[in-house]
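Data first, discussion second: the structure below is written as structure tokens.
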Amino acid sequence: MTFIPHHPTATPDGAFALSTAQEGLWAAEFLNPESSANVTGQYSEILGALDVATFERASRHVIEETEALRLCFGGPDDQPQQWVVPLEH
């Protein structure tokens with residue numbers, strides 16, 4: 001089975017509307033911007049020697065292949081949008 005990702009129709013400036021779940025999070029943040037309810041953080045600790053060049057290549061590859069890691073959100077409060085930041089080569 002081949003997975004074909006769904007890409008919604010973009011506006012002329014390349015922005016997309018938020019999904020229903022994203023709209024809910026956006027509204028919650030808009031109504032209570034001081035809340036940390038949807039803020040998460042985590043890290044990975046690398047112990048031992050690290051080949052920095054290989055790590056950088058692998059990191060770039062993941063970012064290139066995963067549009068969600070390149071999403072930006074913005075727009076007017078009543079019309080939030082998202083867009084994928086283009087890759088720089």
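Everything numeric here is computed off the predicted structure, so don't read it as measured data.
Atom CD1 of residue I63 and atom CD of residue E65 lie 11.5 Å apart, to the nearest 0.5 angstrom. Atom OG1 of residue T66 and atom NE2 of residue H61 lie 8.0 Å apart, to the nearest 0.5 angstrom. From Q81, atom CD reaches atom SG of C72 across 12.5 Å, with rounding to the nearest 0.5 Å.
Within a 6.0 Å sphere centred on CZ of F55, other residues, nucleotides and ligands contribute 12 heavy atoms or fewer.
Under a 3.5 Å cut-off, the side chain of R70 and the backbone N or O of V84 do not form any donor-acceptor pair.
In this view, T54 and D51, R57 satisfy the side-chain hydrogen bond (donor to acceptor under 3.5 Å, both in side chains) rule, not counting sequence neighbours.
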Under 3.5 Å, sequence neighbours excluded: what are the donor-acceptor pairs made by side chains of residues 18-34?
unit_1 : atom_1 : unit_2 : atom_2 : d
S19    : OG     : Q22    : N      : 3.1
S19    : OG     : Q22    : OE1    : 3.3
Q22    : OE1    : S19    : N      : 2.8
Q22    : OE1    : Q82    : NE2    : 2.9
Q22    : NE2    : Q82    : OE1    : 3.2

